[in-house]
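Structure first, then comments.
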There are 2 protein chains.
Amino acid sequence: MNPASSNPGGDASPGASPTFSPLYQQIKALITQSLQSGEWKPGELMPSEVELASRFKVSQGTVRKAIDELAAENLVLRRQGKGTFVATHHEERAHFRFLRLMPDEGVPHQADNRILEVKRIRAPAEVARLLELKSGDAVVYVKRLMAFDGAPTILEELWLPGQLFKGLTAERLVEYKGPMYGLFESEFGTRMIRATEKIKAVAADAGTAQLLAVPEGTPLLVAERVSFTYGDKAVELRRGMYLTAHHHYLSELS
Amino acid sequence: MNPASSNPGGDASPGASPTFSPLYQQIKALITQSLQSGEWKPGELMPSEVELASRFKVSQGTVRKAIDELAAENLVLRRQGKGTFVATHHEERAHFRFLRLMPDEGVPHQADNRILEVKRIRAPAEVARLLELKSGDAVVYVKRLMAFDGAPTILEELWLPGQLFKGLTAERLVEYKGPMYGLFESEFGTRMIRATEKIKAVAADAGTAQLLAVPEGTPLLVAERVSFTYGDKAVELRRGMYLTAHHHYLSELS
DNA sequence: GAGTGGTCTAGACCACTAA
DNA sequence: TAGTGGTCTAGACCACTCA
């Protein structure tokens with residue numbers, strides 16, 4: 001009758017753990033699948049709560065609780081009176097969600113963006129490990145330099161699974177206006193959901209120092225980011241080197 | 001009859017904005033007040049949901065929603081079958097909530113802790129500004145060095161409002177076993193709820209380098225933390241200098 | 001005025017804990 | 001067995017949006 005009916009029985013596999021899960025979690029998983037499969041695309045309006053409730057044969061309250069969690073995870077966006085929308089990187093508020101480098105004074109503003117290099121390579125062992133690929137699988141490598149008010153501040157390297165980013169070229173990156181994650185979402189169907197960063201302080205090597213126009217040995221903040229899409233699948237490795245003379249990395253502890 | 005009855009009227013102050021707020025938010029505020037006033041102390045069992053519902057003359061569902069948010073903010077802890085408890089820094093899981101420095105390999109473990117200095121001073125302008133004090137107000141200054149496996153790794157300076165931390169001495173800090181925030185909570189009645197950190201990479205100066213046993217100029221990760229207690233009141237300024245040769249700062253982006 | 005998400009209620013049953 | 005939080009339902013009304 002409803003998804004829960006197959007639940008308390010402990011059913012099927014005898015050796016496995018019972019794998020209980022509340023109804024609203026099952027509904028949440030079903031909705032997430034629809035998001036992942038592209039049944040509703042980023043930016044689009046989703047079916048209303050009552051519609052989903054009738055589709056899944058549960059009460060509206062149960063659907064609400066499922067969507068509550070999806071909204072808390074920034075997968076969807078609720079707007080009273082209008083409906084629930086699939087989250088997208090093409091919005092003002094999304095632009096700064098993964099940008100933690102803030103100017104010491106004033107508000108964050110758009111950076112000048114210079115693509116230095118784009119190429120397809122075989123994944124080095126370390127990259128393959130972090131992206132959960134086989135060593136030697138193809139990856140797209142990107143190197144770019146970003147400047148604020150003419151001052152080079154961020155040097156970034158990216159590694160993306162070649163399988164998912166087939167047509168990614170320097171031209172596409174240069175042409176594209178707006179955040180890079182917007183491009184990934186619209187053109188390659190890969191949406192970044194969350195990420196973890198490991199941060200260190202290191203001395204700039206000769207090449208990096210030259211690009212950032214600082215003396216060799218200048219302390220840099222280095223952030224190694226692994227980004228995940230639906231299903232906690234790693235789909236981006238990013239190494240950012242930040243000059244923190246007039247900027248800082250913002251971290252909220254809660 | 002119930003707290004909401006004073007709501008839609010827009011009552012009182014004519015010029016002020018209507019200040020609507022849903023019932024469960026009002027309940028949440030009332031519970032937060034009780035937490036702040038110490039009606040229920042950290043670690044203690046709170047009244048059950050039905051009890052609170054009858055006290056506030058609302059349904060259990062409304063109390064639930066209020067407590068849901070408090071639990072999400074780590075102010076309280078729910079345990080099925082037992083009840084709801086006031087969160088405390090005296091728990092395993094709380095020990096690492098504000099510790100973002102992780103070893104590159106292995107799991108985090110306890111640091112050796114050496115108190116270098118404790119004194120009462122007048123707040124420098126910058127400290128006063130960040131702690132929302134008047135310049136010249138008394139603050140307690142603490143300096144300590146932490147080591148992992150014998151290797152000095154963290155040099156920390158703290159500034160605490162003198163008003164709140166009257167009897168804080170080096171002896172108390174040294175005697176106390178367990179996390180510093182546990183001491184602040186139990187002995188000074190000040191509980192840290194959340195914090196923000198601004199992070200930079202800088203070169204170690206002579207004094208810092210000597211304490212951390214590294215060459216002058218070694219890149220350090222510097223985190224300037226402002227911690228807040230109930231009501232978003234700033235109650236701690238902390239400047240941590242981290243050696244990141246074998247550790248990293250972990251940041252979760254979501 | 002119709003449709004959407006947001007709040008609130010009352011009541012039922014379940015899972016977990018401890019006496 | 002009693003008490004707690006956790007889930008689920010059904011229904012009411014509100015606030016907001018838009019045609």
Side-chain angles (χ1 to χ4, degrees), chain A residues 1-11 17-31 40 44-72 74-87, chain B residues 1-10 17-31 40 43-72 74-87:
Chain A
M1 193 59 151
N2 70 40
S5 57
S6 67
N7 202 2
D11 54 40
S17 59
T19 63
F20 279 99
S21 91
L23 237 192
Y24 76 88
Q25 286 289 359
Q26 302 175 38
I27 303 299
K28 181 185 172 190
L30 290 173
I31 296 175
W40 317 302
E44 285 182 7
L45 180 63
M46 286 174 45
S48 73
E49 294 178 353
V50 286
E51 197 173 328
L52 289 171
S54 87
R55 177 199 295 197
F56 296 131
K57 302 277 190 296
V58 299
S59 78
Q60 185 185 355
T62 301
V63 171
R64 271 197 75 74
K65 185 145 187 181
I67 296 183
D68 277 347
E69 294 203 352
L70 294 173
N74 291 307
L75 295 192
V76 302
L77 199 70
R78 324 183 79 145
R79 286 197 240 162
Q80 193 177 27
K82 304 184 77 170
T84 303
F85 296 79
V86 182
Chain B
M1 193 60 155
N2 70 40
S5 58
S6 65
N7 202 5
S17 58
T19 64
F20 279 99
S21 91
L23 237 192
Y24 76 87
Q25 287 288 1
Q26 302 176 38
I27 302 299
K28 181 185 172 189
L30 290 173
I31 297 175
W40 317 302
E44 285 182 8
L45 180 62
M46 286 173 45
S48 73
E49 295 178 354
V50 287
E51 197 172 330
L52 290 171
S54 88
R55 176 199 296 197
F56 297 131
K57 302 277 190 294
V58 298
S59 78
Q60 185 185 355
T62 300
V63 171
R64 273 197 74 74
K65 184 144 187 183
I67 296 182
D68 276 347
E69 293 202 352
L70 294 172
N74 292 308
L75 295 191
V76 303
L77 198 70
R78 324 183 81 144
R79 285 196 240 164
Q80 194 178 26
K82 303 183 77 170
T84 303
F85 296 79
V86 182

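Below, chains carry the letters A, B, ... as their sequence lines are ordered, and counting in each starts from 1.
- For A/Ala71, the side-chain contact (heavy atoms from CB on, under 4.5 Å) criterion is met by A/Val76, A/Arg78, not counting sequence neighbours.
- The CZ-C1' distance, from A/Arg79 to C/dG3, rounds to 16 Å in whole Å.
- At C/dT9, one or more side-chain N or O atoms of B/Thr62 fall inside 4.0 Å of OP1 or OP2 (strictly under the cut-off).
- Atom CG in B/Leu77 sits roughly 10 Å away from atom P in D/dG6 (whole-Å rounding).
- Closest approach of A/Asn74 and A/Ala87 over heavy atoms only: O-CB, 3.3 Å.
- To the nearest angstrom, P of C/dA19 lies 12 Å from CG of B/Leu45.
- The distance from the CZ atom of B/Phe85 to the CZ atom of B/Arg79 is 4.5 Å, given to the nearest 0.5 Å.
- Nearest heavy atoms, A/Tyr24 versus A/Ala66: O-CB, 3.4 Å.
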Got a list of protein N/O to nucleotides 17-19 of chain D N/O distances below 3.5 Å?
unit_1: D/dC18; atom_1: OP1; unit_2: A/Lys82; atom_2: NZ; d: 3.0

Can you give me the N/O atom pairs linking the protein to nucleotides 11-13 of chain C at distances under 3.5 Å, or say none if there are none?
none

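- In terms of phosphate contacts, B/Arg78 brings a side-chain nitrogen or oxygen within less than 4.0 Å of OP1 or OP2 of D/dG6.
- In this structure, the helix from C/dG1-D/dC18 to C/dA18-D/dT1 shows an angle of 10° between the axis at its start and the axis at its end, each fitted on 5 base pairs and rounded to 10°.
- Here the nucleotide nearest the side chain of B/Thr84, chosen from D/dG5, C/dC8, D/dC8, is D/dG5.
- With rounding to whole Å, B/Lys65 atom NZ is found 17 Å from C/dA10 atom P.
- Taking side-chain N and O atoms only, A/Ser48 has a distance below 4.0 Å to OP1 or OP2 of C/dT4.
- Atoms CD (A/Glu51) and C1' (C/dT4) sit 12 Å apart, rounded to a whole Å.
- Scanning for side chain to side chain donor-acceptor pair (under 3.5 Å) contacts around B/Thr84 gives an empty result, with sequence neighbours left out.
- Partners of B/Gln25 under the side-chain contact (heavy atoms from CB on, under 4.5 Å) rule, at least two apart in sequence or in another chain, are B/Ser21, B/Pro22, B/Lys28, B/Glu69.
- Once rounded to the nearest 0.5 Å, the distance linking CG of A/Leu52 with CD1 of A/Ile67 reads 5.5 Å.
- If you measure from atom CZ of B/Arg64 to atom P of D/dT7, you get 7 Å, rounded to the nearest angstrom.
- Rounded to an integer number of Å, the gap from A/Leu52 CG to C/dG3 P is 17 Å.
- Across B/Arg55, B/Lys65, B/Arg64, a single residue satisfies salt bridge (Lys or Arg N to Asp or Glu O under 4.0 Å) together with B/Glu49, and that is B/Arg64.
- The CD-P distance, from A/Glu49 to D/dA15, rounds to 18 Å in whole Å.
- Here the straight-line distance linking atom CG of B/Leu23 with atom CZ of B/Phe56 works out to 11.0 Å at 0.5 Å rounding.
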